[in-house]
Amino acid sequence: MSRSNLKLICSALNKMRIDCVTTRSCHFQPKYRPPYWYSPKDRVMSEDLLTQENRDFIEEVRQDKLNLQTALESPLAKIETQEVAQWDTATRRSGLIARKIGNYPLWSKDGKKFQTTLLQVVDNHVIKYIPPEEFKPMKTTKPNWRVKRKLGCLLIGSETVDPSTVTKDYCGLFSSVGMLPKRHLCRFMISPHAKMPTGTPLFATHFRVGDFIDVRAKTMDRGFQGVMKRWGFKGMPASHGVTKTHRRPGNIGAGGEKARVWPGTKMPGHMGNRWRILRGVKILRINTKYNILWTLGVGIPGETGAMCYLFDTVLPLRKLKTPPPFPTQPLVDDLPLEYYDESIHTFDRPTITFEES
């Protein structure tokens, strides 16, 4: 082989090596990641290519899945066969999942006006119970709390949805226990003797009027806000030589040896969308037909339509002193339509009038 031919072969091999390296480097380029505020396109369910016969068949299968719950054994019979335990002040009951639907005024018997928040309990059922031996919560600062309390976990679901609109993995969580998929799930730590069988329905009468509850929900999402709206700063003066610093925080550092910004300094940032608990909320009225609770005050976190988690209060002076419905209120047909607190004026009674003497 001549020297010229060898040079040609070597140059060709070098070009092939360079092409392989470039293609390999291009193959491992990082993927484009959209920003956190980018919302992906929602799933579009189109039925344009389905015939009427196929649509009827899909609807028939869907109805069979939705009627699966009624075909199962009634959970109320399981409650009767379950050993009835006694309630005490140290017992921890299950809670409810409710939706905040708005505000409404009520009046006391002496004419005082109260602002209340309406919470609707929509289609709550017990999904699963995990005993204390199998329950493994997240690690906390107090590692021995579960050993001392020995609390179990009760999974509650709210708002039944169509099984065809959820993923197969998510639907499998409910099919293993014989339940339909739920839109919202919540775990409640309960005492072992307060457990309930799978499929037990929960209503607004799980609580009573006059009792105090704790409400856990997410606050309104305000987005990125400045220090005046986020922390209530006063701001700078509007005149007298102040230039473009009217809504700014001002100095944030320190002088001398501590020339740095201290951790926890109040600065601009994301506001809202945080879990908050409002404790000691009093129940003034309960509607058994629509499962609505009237709670005192308008300080419950979240906007209208937000989901809230309700459970018995942990405040020492407002804890339950008399036995509540335990483990929950069973389904009864002859319940009154409305329950009112003894201090609330009902509109079916005559109005109080004052006459001059």
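W107 and F347 have perpendicular rings, their planes meeting at more than 60° on a 0 to 90° scale where under 30° would count as parallel.
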side-chain hydrogen bond (donor to acceptor under 3.5 Å, both in side chains), that's the test. Do D88 and T91 meet it? Break it down for me.
CA-CA 5 Å; D88 54 10; T91 302; 2.2 Å; yes
Derivation and outcome, side chain to side chain contact (heavy atoms under 4.5 Å, CB included), residues T313 and I213:
CA-CA 4 Å; T313 184; I213 59 175; 5.7 Å; no
CA sep, side-chain torsions, deciding dist, call: H206, N124, side chain to side chain contact (heavy atoms under 4.5 Å, CB included):
CA-CA 11 Å; H206 182 76; N124 283 17; over 6 Å; no
L119 vs C308, side chain to side chain contact (heavy atoms under 4.5 Å, CB included): CA-CA, chis, key distance, verdict:
CA-CA 8 Å; L119 304 176; C308 307; 4.2 Å; yes
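In terms of modelled atom types and a separation under 3.5 Å, the side chain of S158 and the main chain of V122 share a donor-acceptor contact. With T116 contributing its side chain and Y104 its backbone, the two residues share a donor-acceptor pair below 3.5 Å. Looking only at distances, no side-chain donor or acceptor of K319 sits under 3.5 Å from a matching main-chain atom of T89.
C153 approaches M189 most closely through the heavy-atom pair CB-SD, 4.5 Å. Across L293 and A204, no two heavy atoms sit closer than the pair CD1-CB, 3.7 Å. For the pair R248 and K244, the tightest heavy-atom approach, listed with the atom from each and the gap, is NE-O, 3.4 Å. Heavy atoms only, all atoms of each residue included: A217 and P301 are closest at CB-O, 3.6 Å. Heavy atoms only, all atoms of each residue included: S108 and F114 are closest at CB-CE1, 3.4 Å.
Residues L310 and V281 fall within the same hydrophobic cluster, defined by Ile, Leu, Val, Met, Phe, Trp and Tyr side chains chained together at heavy-atom separations under 4.5 Å. Residues I283 and I344 are members of separate hydrophobic clusters, defined by side-chain heavy-atom contacts under 4.5 angstrom among Ile, Leu, Val, Met, Phe, Trp and Tyr. L106 and I300 sit in two unconnected hydrophobic clusters of ILVMFWY residues. Membership requires side-chain heavy atoms under 4.5 Å apart, directly or through other members. Under a hydrophobic-cluster definition in which Ile, Leu, Val, Met, Phe, Trp and Tyr are linked whenever side-chain heavy atoms come within less than 4.5 Å, directly or via other members, Y129 and Y309 are assigned to the same cluster. M196 is connected to F207 through a chain of hydrophobic side-chain contacts under 4.5 Å among Ile, Leu, Val, Met, Phe, Trp and Tyr, so both are in one cluster.
In this structure, the side chains of P325 and T328 stay at 4.5 Å or more apart for every pair of heavy atoms. Residues F311 and C186 are not in side-chain contact: their nearest non-hydrogen atoms beyond the backbone lie 4.5 Å or more apart. Inter-residue side-chain proximity for E338 and R285 is flagged as met; some heavy-atom pair is nearer than 4.5 Å. In this structure, I277 and V215 have side chains that are not in contact, with every pair of non-hydrogen atoms separated by 4.5 Å or more. Counting only heavy atoms from C-beta outward, the side chains of L154 and V126 approach each other to under 4.5 Å.
A donor atom on one side chain and an acceptor atom on the other are not found under 3.5 Å apart for S191 and R93. A donor atom on one side chain and an acceptor atom on the other are not found under 3.5 Å apart for D162 and T165. Side chains of D110 and H345: no donor on one and acceptor on the other come within 3.5 Å. A donor-acceptor pair shorter than 3.5 Å can be found between the side chains of T160 and K182.
Within the model, atoms CD1 of I97 and CG of L185 stand 6.5 Å from one another, a figure rounded to the nearest 0.5 Å. Here the CG atom belonging to L320 is positioned 5.0 Å from the CG atom belonging to D211, to the nearest 0.5 angstrom.
Around CD of Q52, the count of heavy atoms belonging to other residues, nucleotides or ligands within 6.0 Å exceeds 12. Applying the 6.0 Å contact sphere to OH of Y290 captures no more than 12 heavy atoms from other residues, nucleotides or ligands. Around the CG atom of L337, the shell of radius 6.0 Å holds more than 12 heavy atoms that belong to other residues, nucleotides or ligands. In the displayed structure, K321 atom NZ is contacted under 6.0 Å by more than 12 heavy atoms of other residues, nucleotides or ligands. R247 CZ: 12 or fewer foreign heavy atoms inside a 6.0 Å radius. The environment of CD in E53 is sparse: at most 12 heavy-atom neighbours from other residues, nucleotides or ligands sit within 6.0 Å.
Under 4.0 Å is where a charged nitrogen must lie from a carboxylate oxygen, and between D341 and K282 at least one such pair does. The pair R99-E159 counts as a salt bridge, with a side-chain nitrogen and a carboxylate oxygen less than 4.0 angstrom apart.
Every residue meeting the side-chain contact (heavy atoms from CB on, under 4.5 Å) condition with W262, not counting sequence neighbours, appears here in chain and number order: A254, K258, R260, T265. For P268, the side-chain contact (heavy atoms from CB on, under 4.5 Å) partners are F224, V227, not counting sequence neighbours.
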